[in-house]
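Below is one structure, written out as structure tokens; comments come after it.
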Amino acid sequence: MKNVTANMAGTVINVLVNAGDTVSAGQDVVVLESMKMEVPVQADADGKVAEVKVNIGDFVNDGDVLLVLE
Amino acid sequence: MSNQFEDTLRERIAEIHKGGDEKYHVKNKEQNKLFVRDRLKLLFDDESFMLEDGLFANFTAGDLPADGVVTGIGKVNGQTVCVMANDSTVKAGSWGSRTVEKIIRIQETAEKMRVPMVYLVDSAGARITDQLEMFPGRRGAGRIFYNQVKLSGKIPQVCVLFGPSAAGGAYIPAFCDIVIMVDKNASMYLGSPRMAEMVIGEKVTLEELGGARMHCSVSGVGDVLAANEEEALAAARRHLSFFPANYTEKPPVIEGKAPNPNAKDITTIIPENQNAPFNMHDFIDALVDEGSFFEIKKLFAQELVTGLARLDGKAVGIIANQPRVKGGVLFGDSADKAARFITLCDAFNIPVLFLADVPGFMIGTAVERAGIIRHGAKMISAMAEATVPKISVIVRKAYGAGLYAMASSAFEPDACLALPNAQIAVMGPEAAVNAVYSNKIQAIEDPQERQAFIMEKRKEYQEDIDIYLLASNLIVDGIVPPSELRRELITRFTAYSSKQQVFTDRKHSVYPV
């Protein structure tokens, strides 16, 4: 199990994957909005999405878990 | 005539050149580590030029060849450099009193000759048994660091780390201009994992505690992560190729090259939507001589890109916001990274180019608690004090103190240029309209009417920050089409190359740290 975490504080504006999807390292998985910028967040490892922890509109802090990969 | 004395000497030299016991050479190989003398061959242009002092250090001890460190002079890219290189096959490269004396002397030689000093580090630290002779005195290990501080900014100091750099020894890398670390083998720490467990009860691996990848991506103490020793030494040579021998000279110039023909078309890289990400590396690739970009702290604080490159063969230091990572927002770590890099360039007469696309410094509780203001002050201070030719290009937007930090007009760049889509403001249109009209917006009940009001105010705001209006008021020195930016920069840096400026008269500033 590996977590994909937010790398800065912001609001979730898009979730690009669903539970069960296969992702590869470096792939954009969630888009945050912070400081009025679109901030794509990448998976840092290959894996299958076990769980999506956030919904569009959620505020997340730096380090908060966005996805769990297996 | 057979000369017995000479034969003895040759035998002894050959013995010392072998380094430590065979079993330590085997261990080195198992760890994918090279013998110290093979490292020197890779570092230097030609080993035949190598001069060595103190080969017989601690000869009488019998089992400490060269006392565990090779010190000498060689050539890198045709430039004379001084070197100290730990021998990990001799008591794990640990320091005795002669080891320390040899290091101090080669530093003094580098200072007198005004040439770069290279530190090839692979050392377990002090020999506790020798501590009285090598630790506390006037010419104890502390002197090595004193010398490093004194030499900083005077001559280039480069550190390549192949193995551990432990406890006090960990400060050798810290005082160098650049720290190149070999992945999996190099480490830096004040207290080992064993000590951490004994003293504070923490259980941790060496890699987590002070490994190369951690230092190059999290702590920022490491600058370049190399896959192996060959790559690390090539990086040291590459780094030095941008630098003059010392602060009184200009960096070497080589023959210029056009940008990579496979680079993206510079006019298509920047998205129209101000808030959409793009990769600043594409922009840099389209701007600089092909293959010339040497990135420093590539894995650390990636929202800001720093690196050395060439524009028509001449060295330039690039500080660029990276909208692809964290929106290009400046954080404490990115501000530190910038401050350090600007200081490096300024010390050795390398002109600096700022490529600004910055929404500002990060806001919120986490960064305020981490002291983003004092970190930001470091960047602004280093940028303001830099007297090398300095050009700022507003690539897309520069908001708030982000504008200041990226060498805008008030900080005496030789030119502040803008691309035609650039926006310069205290804050972006969305934030500004919210800030100014918040009460009015709340008071409009009909959502459509409210949205129309917001859009109208944003449009007005856009007109107020129109780049032609700013150019008209002499806030920027010029607006340049992206396709002509490279030529413009080459022409300007050539024109500014005679720049002579003293920032101000004083002992030194009270550094924001």
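Reminder, nothing fancy here: chain letters follow the sequence lines and each chain counts from 1.
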Heavy-atom pair with the smallest gap, counting every atom of B:A431 and A:K36: N-CE, 4.0 Å
Heavy-atom closest contact (A:M37 atom, B:P359 atom, distance): CG-CG, 3.4 Å
Can you list the residues of [range] that sit under 4.5 Å from chain B, counting heavy atoms only?
| range | answer |
| --- | --- |
| residues 52-70 of chain A | none |
| residues 38-48 of chain A | A:E38, A:V39, A:P40, A:Q42 |
| residues 1-16 of chain A | A:N7, A:M8, A:A9 |

How about [atom1] on [X], more than 12 heavy atoms from neighbouring residues, nucleotides or ligands closer than 6.0 Å, or not?
| X | atom1 | value |
| --- | --- | --- |
| B:E272 | CD | no |
| B:Y404 | OH | no |
| B:R458 | CZ | yes |

Contacts of type salt bridge (Lys or Arg N to Asp or Glu O under 4.0 Å), residue B:K264, not counting sequence neighbours: B:D282
Given heavy-atom pairs under 4.5 angstrom as the criterion, report whether the side chain, backbone, both or neither of [X] touches chain A.
| X | value |
| --- | --- |
| B:M362 | both |
| B:Y399 | neither |
| B:N434 | side chain |
| B:Q274 | backbone |

Separation of A:S34 OG from B:N275 CG (nearest 0.5 Å): 11.5 Å
